[in-house]
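Lettering of chains follows the sequences in order, A, B, ..., and the numbering in each one begins at 1. In this text, all values refer to a predicted model and were calculated from it rather than measured experimentally.
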Number of protein chains: 2
Amino acid sequence: MDAGAVRRRNLSAVLELVHLRRGVTRADLTRALGLNRSTIGDLVAVLAENGWVDERDDAPRSGVGRPSPRVLPRDARLVAAINPELDVIDVALVSLGAEIVARRRVPLSEPPTVAATVERAARTVAELAADHPESTVVAAGVAVPGLVRHEDGLVRLAPRLGWREEPLAAPLAAAMGIPVAAANDAHLGCRAEQSFGAGQGARTMLYLNGGPSGIGGGLVVDGRPMDGAAGYAGELGHASVDPNGPLCACGAIGCLEALVPRAALAAAVGLEHPDDDTLESALLTAIVAEDTGGPVHEEVARQLRWLAIALRGAVNLLNPERIVLGGHLAALWRAADRDQRASLLGQALPVNAADATIEVAALGGQRLLIGAAELAWDGLIADPLSAGESDAARADALPVVS
Amino acid sequence: MDAGAVRRRNLSAVLELVHLRRGVTRADLTRALGLNRSTIGDLVAVLAENGWVDERDDAPRSGVGRPSPRVLPRDARLVAAINPELDVIDVALVSLGAEIVARRRVPLSEPPTVAATVERAARTVAELAADHPESTVVAAGVAVPGLVRHEDGLVRLAPRLGWREEPLAAPLAAAMGIPVAAANDAHLGCRAEQSFGAGQGARTMLYLNGGPSGIGGGLVVDGRPMDGAAGYAGELGHASVDPNGPLCACGAIGCLEALVPRAALAAAVGLEHPDDDTLESALLTAIVAEDTGGPVHEEVARQLRWLAIALRGAVNLLNPERIVLGGHLAALWRAADRDQRASLLGQALPVNAADATIEVAALGGQRLLIGAAELAWDGLIADPLSAGESDAARADALPVVS
DNA sequence: ATGATACGTTGTGCACACCAACAAATCAGG
DNA sequence: CCTGATTTGTTGGTGTGCACAACGTATCAT
């Protein structure tokens, strides 16, 4: 580690705080980073020169002493967030501080091929960027409903889209002329919740999302997203919960996601492909309306029992301090009564159950886009000055294909 | 991060390499750390001045060019490693480079209380230290067969010893006058295997050990040991593998360790409390002697089936690149035939199964002591100069109770 | 108004890693 | 055995970046 690395680290730490807290005072920065006032002043000045932040004097007056100027993220640079799905490609431009500046949902008549995804996404990003001439789109992140190799953004398998061993990040980068990184959608949901949602502050966390194509998840270990050896960690949906259970689409027996399907929950309340909010409110309504022991109660109780078994294993293995539930698992949690909630971790070792709090995901429909944007910001925040002169020349500094 | 932090980090990185590789040339250090020759020379000189390393010119001649002196760990400082068990307290002095310099197994007539453990361990360490007057014992680590809170080394529960909510690190530190850290024995086995055994080089690894009191484990994530929120991670032994299975001692149903007990394997080969080596060789002998389908084959196959179910969940959740098996799980693996070995990860997602290799633990009976020593070295290696003048004054720099 | 408090600003010093030039120790080839 | 090539250690000089102290500035409390 040389002296330059110190500078890079400190600049990166400042920028990361500005990003995560959407603006902080310089005084906050000195306290959070333990650096000298003069050093912080210098670092902020460098970031301001390079177009990353603005300083403003509209500090909320708080206490005696000279007020500290606020350091705010600047929108001169944006990243693109892309989420291809079965019937839509969701595209957004996201600022530092994770504000969605522009968003367009491009409807599809049929599931997209990779080529179509690349073409539509690149075009849509260009159109959205044209509406924001004062900003430059400097990188992109893609949330893919499937397994993505993180070293090069190759989609190993996305059953819902019918993709298999398809390069994705590379052609997108070629089409857009900026670095592109891709990752599993649940991983990125986890990142988003960790940075800006229900996972804030948790150093060890398990995120579980119940979507139409199954149950995915993500992990945070020591405050950092955990990908595993190649990027496929977090697949608790394919943990065994019943060795005598049904055959799962993955070929194994008794997977969690085969026993806790979103479709069954939706069917119990008479819906077919509800979105998260619709499913949740229908479920809560049904639970209130129905007598205890009715079919909705039954299905909720059944799914909670299986979920508890899977959570027991994960909680005993990881000793997380937080568990965040999204999608129909969030709906399940909301529909559960006091006893059912307690029993979710009831069979875990007491010490592990005591450390863990269960929360419901907070970011709703913006989750995947914010997560994809986080992925895109990663390399830039890690080394803010490399983006200084030519934004395109920095491609190889990223864990990304350009 | 200030300038001094750079120095600390670099010194620490050099010392860590010397420790892990049990000596390296200065040329190796420049390559491994990417620092300048002159910087490495300076760092090594500082470490040598402070009694951490020796330089010797006995380099193995390899190729042209001026030979690089070897930097070797020096035994001026030692750490104590302590492992209380049911019928013995195992104590050792361990050098930088993880060589066991002295060891004594103190036999017990009955399971030790915490007070007895503290007294016997402290006395034994003092006696061993007296045999090595040229060295100073500067810290200690304890491997506990139970759940240990890592912030203060309090034993939450050690069923085998009958301990519950017992402070351990604090009284030991008081008795010995040096910093003491304590952790779960399987965690420390994992650390030992990671640093010096079958886990070397793995950045994501799952360690699983089958002992007489159950199945414990440890995790390595991003090259660093993973403890969880409070220190209780790795308990895959209490993952559910059969919701209709037997009641486990932990109060839950169908835990892995209830279905894969060491005692059943030992009983199958007619032994009662065999050590690891005895069990393994007896099992291998029996497998060869017995016809396929016999009771030993049956028990091995049965246990492997349950183990596969638990491993599936863990592998899909973590996407590890290595799985290390110890204790009777290692014996199981050794006894398994080709097909059985393949089927251990056969139900995991193919991408996850492809990334993971299964290995057998390599360090045998020294594992826990080496792991406990690793724990003790942690704080010292992280900041070598703080130990320079007064070895005792550095206590509060450690994640440890003094 | 006045002191106390908190913060930004400026100039200086220092720690530390890098660099370039040189010296030393080996190997290969004659 | 000598010579050149190669690799590495050594030395003195240089530059970068953070800390620190002293001072200026803006707010609050009385």
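Residue-level contact check: B/T25 touches neither bases nor backbone, having no heavy atom under 4.0 Å from any strand. Here A/R37 lies in heavy-atom contact (under 4.0 Å) with a base. Across all strands shown, B/R9 has no heavy atoms under 4.0 Å from either base or sugar-phosphate atoms. Residue-level contact check: A/N10 touches the backbone only, with heavy atoms under 4.0 Å from sugar-phosphate atoms and none from bases. Within the nucleic acid shown, A/G4 has no heavy atom closer than 4.0 Å to any nucleic acid atom. Using a 4.0 Å heavy-atom criterion, one finds that B/R8 contacts no nucleic acid atom at all.
Between A/P67 and A/L43, the residue anchored nearer the 5' end of DNA chain D, judged by the nucleotide with its closest heavy atom, is A/L43.
A salt bridge does not link B/D383 with B/R7: none of the charged nitrogens is closer than 4.0 Å to a carboxylate oxygen.
The phosphate of D/dG17 has neither OP1 nor OP2 within less than 4.0 Å of any side-chain N or O from B/R7. OP1 and OP2 of C/dT10 both lie 4.0 Å or more from every side-chain N or O belonging to A/S38. The side chain of A/R26 places an N or O atom within less than 4.0 Å of a non-bridging phosphate oxygen (OP1 or OP2) of C/dG8. Here A/T39 reaches the OP1 or OP2 of D/dA19: one of its side-chain N or O atoms lies under 4.0 Å away. Neither OP1 nor OP2 of C/dC7 sits under 4.0 Å from any side-chain N or O of A/T30.
Atom C1' of nucleotide C/dA17 and atom CG of B/L33 are separated by 13 Å, given to the nearest angstrom. Put simply, CG on B/D57 is 14 Å from P on D/dT8, counting in whole angstrom units. Residue A/N36 contributes atom CG, which lies 11 Å from atom C1' of C/dT9 at whole-angstrom precision. The nearest whole Å value for the distance from the CZ atom in B/R66 to the P atom in D/dT11 is 10 Å. Rounded to whole angstrom, the span from the CG atom of B/D42 across to the C1' atom of C/dC19 amounts to 15 Å. Spacing between atom CG of B/D58 and atom C1' of C/dT26 amounts to 16 Å, rounded to whole angstrom units. Separating the CD1 atom of A/I40 from the C1' atom of C/dA6 is a distance of 16 Å, rounded to the nearest angstrom. Per the geometry, CG belonging to B/L29 stands 16 Å off C1' belonging to C/dA17, to the nearest Å.
A donor and an acceptor atom, one from each side chain of B/T39 and B/D42, are nowhere located under 3.5 Å apart.
Contact of the A/R77 side chain with the A/L380 side chain is not registered, since no non-hydrogen atoms from C-beta on lie closer than 4.5 Å. When side chains are defined from C-beta on, A/L72 does not count as touching A/V53, because their heavy atoms never get closer than 4.5 Å. Between A/L93 and A/V137, some side-chain heavy-atom pair lies under the 4.5 Å cut-off. Put simply, the side chain of B/E55 reaches to within 4.5 Å of the side chain of B/V44, judged on heavy atoms.
The nucleotide whose nearest atom lies closest to any side-chain atom of A/V6 is, among C/dA23, C/dT5, D/dG17, D/dG17. Residue A/L35 places its side chain closer to D/dA19 than to any other of D/dT6, D/dA19, C/dA6.
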